[in-house]
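It should be emphasised that the depicted structure is a prediction, and the values quoted were computed from it without experimental measurement.
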Amino acid sequence: MLLECNSTGKEFVITCFGESHGRCIGVVIDGCPAGLALSEQDIQKELDKRIPPKPEIVSARREKDVVEILSGTFDGFTTGAPICTLVWNEEAIPGEYDLMKDTPRPGHADYPARIKYGGFNDYRGGGRFSGRITVAFVMAGAIAKKLLGLFGVEVLAYAIEIGKVKFSAMPTLEEIRESTYKTAVRCPDLESAKEMEEAILKAKKEGDSVGGIVECIVSKVPVGIGEPLFDSLDADIAKMLFDVPAVKGVEFGAGFKAAQLKGSENNDPYVIRDGKIVTLTNNAGGILGGLSSGMPILVRAAIKPTPSISKKQKTVDLSKMEETLIRVKGRHDPCIVPKAVPVIESAVAIVLVDHMLRAGFIPKVLEGQE
Ligand SMILES: Cc1cc2nc3c(=O)[nH]c(=O)nc-3n(C[C@H](O)[C@H](O)[C@H](O)COP(=O)(O)O)c2cc1C
C-alpha cells in the first residue's frame, strides 16, 4: 500500500481528509511557522468565494461550509503545531446517490474507483473524488496565501474562458482584484462575464454543461524558487493543479502556443528597468528551468465540462452486466469554473509557500526573533 498519497508538500505539508457525503471535509497543515495571525474568519472569507452569488449557475447544494479550527492556534496566532481545520457536511443526503451504486456515471471516477477499492469506496456523490474535497484545498490555501502575503507575494486566479466565450486581454492586477468577485462567473471583464453566464445558462437549459479555463497570476515571486530536478516549481504546480478534480490541462506562459513560435519570438529578452533585471515578454510564464525567473508566474488550468448532466447517457449496470441508460440526479453545477477559481488560486499558493519555506524564506513576523 502506498502511503502519503493524501498528503503533499515538504515544509508546508497538507493532509486532506473527508468525503462528499461523509461527516466532514478537513485538512491538517503541518509546517506553518508560529506567529502567523490566523482566525477562522481568514479561512471563512476564502471558503465563501466558492459560492458564487447566482444560484442559477451553481448547484442548489449551497453548503454553508462554516470552518472550525481544531488545533494549531492560540490567542489568534499559529503556534507551530499542526493546524487542523474542517467543515461539517451539513447538507449531505446520502440516499440521493444510491441508484448510482451499480451504474457508474460517465465522466466520474465511479467505475475505476469501484474496481480499485473492491466496491468498498464511499461512492455517494463521488465520495473521495468529489469536487467537495477542494474545500480542504481552499482552507489550506487561505493559510498559504496569508503566509505568502508576509513574503510580499500575491496569488490571483480568475476565469478567462467559459463555454466558447473567451476573455483574451490580459487584465491588470488592479482589475483582477477589483472585479473578479463582482461577477458570478469570476471573470474580471464584466462584458465577457455576462456572455459566459449566458453560455452556462444555455447549457443548463439543454440539460448539459460547459467547461472553461482558469488563469492564475503570482506576482512578486523572488528569483530562484524551485528545486530541480524532480521538484521543479512548474512540475510541482502542475501536479497540484492536476490533483484538482476536473482539471484536464495545465500550461505556463505561452503554453501550447510556444510550439508554434520561433526561438526569436518565444525567448523573453532581458532588460534593466528601474534598476531591476526583467524580461520584455513573459512567454516562459515566470519559470525557467524549474526555477522562478522573477517575472510573474502565469499558469492556466483547463477545466472540463461538469460530468453530471441531466441528459440521458449510456452506462453499464454492473450488477447485471447489461448496458443501460442513466440520467444523473442530484444537485450539480452546469459549469465548475466559477467554483474552481478559488481552488486553483489555493492550489498554486500551497505549492509556492512550500517552495519558499524550502528555500529558507522566513515570514516577516518572525524575522529577527529568537
Ligand atoms: C470545485 C469543484 C466542483 C465540482 N463540482 C462538480 C459537480 O457539481 N458535479 C460534477 O459532476 N462534477 C463536479 N466536479 C468535478 C468532478 O469531481 C470530477 O470531474 C470527477 O471527480 C472526475 O475527476 P476528473 O475529472 O479529474 O477525472 C467538481 C470539481 C471541482 C474542482
Side-chain angles (χ1 to χ4, degrees), residues 141 144-145 148 151-161 166-177 180 186-189 212-244 247-271 273 276-303 337 340-356 358-359 361:
K145 286 204 298 175
L148 287 174
F151 297 132
V153 174
E154 185 179 30
V155 188
L156 294 164
Y158 44 95
I160 57 163
E161 194 171 320
K166 283 186 194 181
F167 166 38
S168 47
M170 180 76 202
T172 63
L173 289 181
E174 205 48 45
E175 281 167 339
I176 301 168
R177 279 188 215 111
T180 301
R186 310 324 195 185
C187 169
D189 176 57
I213 298 177
V214 177
E215 187 166 87
C216 184
I217 186 164
V218 192
S219 50
K220 304 230 173 78
V221 186
V223 184
I225 303 295
E227 304 296 333
L229 190 58
F230 294 114
D231 291 350
S232 297
L233 189 57
D234 44 0
D236 278 359
I237 292 174
K239 181 175 185 307
M240 185 77 182
L241 290 177
F242 278 118
D243 290 332
V244 175
V247 167
K248 285 291 157 188
V250 172
E251 62 174 18
F252 291 85
F256 272 65
K257 284 201 187 103
Q260 297 155 7
L261 300 176
K262 293 189 177 138
S264 56
E265 297 166 321
N266 187 55
N267 291 342
D268 301 312
Y270 288 107
V271 292
R273 293 284 180 270
K276 281 193 191 142
I277 296 172
V278 295
T279 59
L280 283 177
T281 49
N282 189 16
N283 289 321
I287 301 179
L288 289 165
L291 298 171
S292 56
S293 70
M295 293 301 286
I297 294 175
L298 193 65
V299 58
R300 284 177 288 275
I303 314 279
V337 172
V341 166
V343 175
I344 299 295
E345 194 171 284
S346 298
V348 172
I350 290 164
V351 176
L352 199 64
V353 86
D354 181 49
H355 271 279
M356 289 194 69
R358 285 175 76 175
F361 280 77

How long is the straight-line distance from [atom2] of [Y] back to [atom1] of [X], given to the nearest 0.5 Å?
X    : Y    : atom1 : atom2 : answer
R273 : L280 : CZ    : CG    : 5.5 Å
M170 : L298 : CE    : CG    : 5.0 Å
N267 : L288 : CG    : CG    : 9.5 Å

message: With heavy-atom distances below 4.5 Å as the criterion, would you say the side chains of T180 and L156 are in contact?
response: no
- prompt: Is the shortest side-chain N to carboxylate O distance from R177 to E154 below 4.0 Å?
  reply: yes
Salt bridge E345-K145, side-chain N to carboxylate O under 4.0 Å: yes
query: In terms of heavy-atom contacts, does CD1 of I277 have more than 12 from other residues, nucleotides or ligands at under 6.0 Å?
result: no
Please report the closest heavy-atom contact between [X] and [Y], naming both atoms and the distance.
X    : Y    : answer
G290 : S232 : CA-CB, 3.6 Å
G141 : A349 : O-CB, 4.4 Å
A302 : I213 : CA-CG1, 4.3 Å
I344 : C216 : CG2-CB, 4.2 Å

Would you say [X]'s side chain and [Y]'s backbone share a donor-acceptor pair under 3.5 angstrom?
X    : Y    : value
N266 : N283 : no
D268 : A284 : yes
S292 : I225 : yes
T279 : Y270 : no
E251 : F256 : yes

query: Step by step, would you call D236 with E227 a side chain to side chain contact (heavy atoms under 4.5 Å, CB included)?
result: CA-CA 9 Å; D236 278 359; E227 304 296 333; over 6 Å; no
- request: Evaluate side chain to side chain contact (heavy atoms under 4.5 Å, CB included) for V223 paired with L291, printing each intermediate quantity in order.
  value: CA-CA 7 Å; V223 184; L291 298 171; over 6 Å; no
message: Working note: L241 + V299, criterion side chain to side chain contact (heavy atoms under 4.5 Å, CB included); need CA distance, chi angles, decisive distance, verdict.
response: CA-CA 10 Å; L241 290 177; V299 58; 3.7 Å; yes
